[in-house]
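Everything below concerns the one structure shown next.
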Amino acid sequence: MYSAKMPDGFLWGGAVAAHQLEGAWNEDGKGMSVADVMTVGSASKPREITDGIVAGKNYPNHSAIDFYHHYKEDIKLMAEMGFKAFRTSIAWTRIFPNGDDEQPNEAGLKFYDDLFDTCHHYGIEPVITLSHFEIPFNLVKKYHGFTNRKLIDFFVRFATVCFKRYQSKVKYWMTFNEIDNQSAYNDDFLMATNSGIILKKMTDKEKEAAMYQAAHYELVASALAVKVGHKINPDFQIGCMINYSPVRPLTPSSADMLLADKFEQRRDWFSDVHVFGEYPKEVEAYIERNGYRPDITDEDRIVLKEGTVDYVGFSYYQTTTVSARNVKADELSDLSKAKAANPTLEKSDWGWEIDPAGLRIALNHLTDRYHKPLFIVENGLGAYDKVEKDGSIHDDYRVDYLRKHISEMEKAVEIDGVDLMGYLPWGPIDLVSAGTGQMDKRYGFIYVDKNDAGKGTLKRSRKDSFDWYKKVISSNGLDL
Ligand code: BG6
């Protein structure tokens, strides 16, 4: 297996999001977020998004793994693995419970002060996402989420408060998590989590239009935040965050190849705007042809240019294969129709294709396209774990997955010359799955005793992968 030492200062660690582990959903003044109205689902059953809290339903994010009260113990375990960085998000509703409040909630601000102090105590650098699938529910109900321009101001106010408060504690920031997920504009979960839009009875055309308008406001909000952040502390590194999945045609035919190109154009433009400060030509033409995004001002276009990001953060889970069997390039709008199974790849228990070399491809593509430092802020395998009688957990499948991905990452850095800031695999401690709300879809090196039904002691324990990852970090990537 290929391995290489990573550059000095390489940020090894792990990534989580507030709503997926903190719990304490209504403690110390926290308001209700969109994640708080999502029920538990399964590999085959989607989560339900309810209109407020409905008695008798299971909302797994309400208590999650209770990191809110266990963070000292949990960060200590991450320090034991040698973490250099820990990515989490600031729950918007801890700071502005309703999203449109005039004043922030001091108890919420204090929680993150303590969390970041704990990280620094162990020499762990916090990497912070501002909006990770947890928009205040009040903004969803009252303003229809990011379809309303007012959300720009609410987000920038939230970002400004965070930048000011944590300016000496946090250097690495990201604005919107996986902003490009909503290119699948007819997916209830992705539209609710990205933009706070509840689709309900909208037509496909209306959904697509809502997505382009909301995404535009998010991109403007992100650019404004970047500008404000750099003013508050010029040393801040503020990145975007995309879900990157290199696209390939199922066959070498030109029909499939053109479809692959169109698919990329329709999905990957979000980061173009973040990095270049302008819309790519194809997307601009598509939006204009269809009359989407009616509201874009000259000032917006200036802001986008002035607030470009410092680095590109991305998650990598799988590659995408497309086939013109079901949809031709010129008819492409619903991206899911273009997707095809890749016969060369195996799948996880949740049907996610496993393609370690795809990570090297992703790092090369993004480097060629953006010429910016890259940051892998998510990667990993969701799997069922078995606890043995003596409490041990032999998760060799997880080690195998991560080892192969890290090896490909190291090729990209060492052989291809990619400028990579760090590697933060998803869910170093078991947490609530975003997509399914399950606890039993586990990513962690640290096991948490809690199941899909919400039962368990919350006891933390080390899986076999814990010692393996510790060794990877202490050898700076050489010993895989
Ligand atoms: C990413 C998200 O899409 O994938 C995370 O940023 C999420 O929030 C992760 O948890 C894994 O997805 P899932 O559905 O397995 O939790």
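Order of listing sets the numbers, starting from 1, for every ligand and every atom in it.
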Ligand 1 contacted by N177 (non-hydrogen, < 4.0 Å): yes
For ligand 1, is M241 a contact, meaning one of its heavy atoms is under 4.0 Å away? no
Tell me the contacting part of W352 for ligand 1: side chain, backbone, both, or neither, using a 4.0 Å heavy-atom threshold, strictly below. side chain
Any idea which part of W426 is under 4.0 Å from ligand 1, heavy-atom wise: side chain, backbone, both or neither? side chain
Can you see whether [X] engages [Y] through a side-chain donor-acceptor pair at a distance of less than 3.5 angstrom?
X: E134; Y: T93; result: no
X: N177; Y: T129; result: no
X: Y370; Y: S271; result: yes

Can you check whether [X] has an N/O within less than 3.5 Å of an N/O in ligand 1?
X: T436; answer: no
X: Y443; answer: yes
X: A17; answer: no

Looking at [atom], what's its closest protein heavy atom, distance included?
atom: atom 9 (C) of ligand 1; value: Y317 OH, 3.3 Å
atom: atom 14 (O) of ligand 1; value: G435 N, 2.8 Å
atom: atom 13 (P) of ligand 1; value: S433 OG, 3.5 Å
atom: atom 10 (O) of ligand 1; value: Q20 NE2, 2.9 Å
atom: atom 6 (O) of ligand 1; value: E378 OE2, 2.7 Å
atom: atom 7 (C) of ligand 1; value: A434 CB, 3.7 Å

Under the ring-ring contact (aromatic ring centres under 6.0 Å, His included) test against F146, which residue among Y217, Y212, F176, F154 passes? F176
Does the ring-ring contact (aromatic ring centres under 6.0 Å, His included) test come out yes or no for F83 and W12, once each step is laid out? CA-CA 6 Å; F83 275 30; W12 294 98; over 10 Å; no
Nearest heavy atom to atom 3 (O) of ligand 1, choosing from E178, K441, Q438, belongs to E178
Less than 4.0 angstrom from a charged side-chain N to a carboxylate O is my criterion; do K169 and D117 meet it? yes
Pair K57 + E48, salt bridge at N-O below 4.0 Å: yes
Within 45 degrees of the ring normal and closer than 6.0 Å to the centroid, is that where the cationic atom of K441 sits relative to W426? no
Kindly state whether the ring of F111 and the ring of Y68 have centres lying under 6.0 angstrom apart. yes
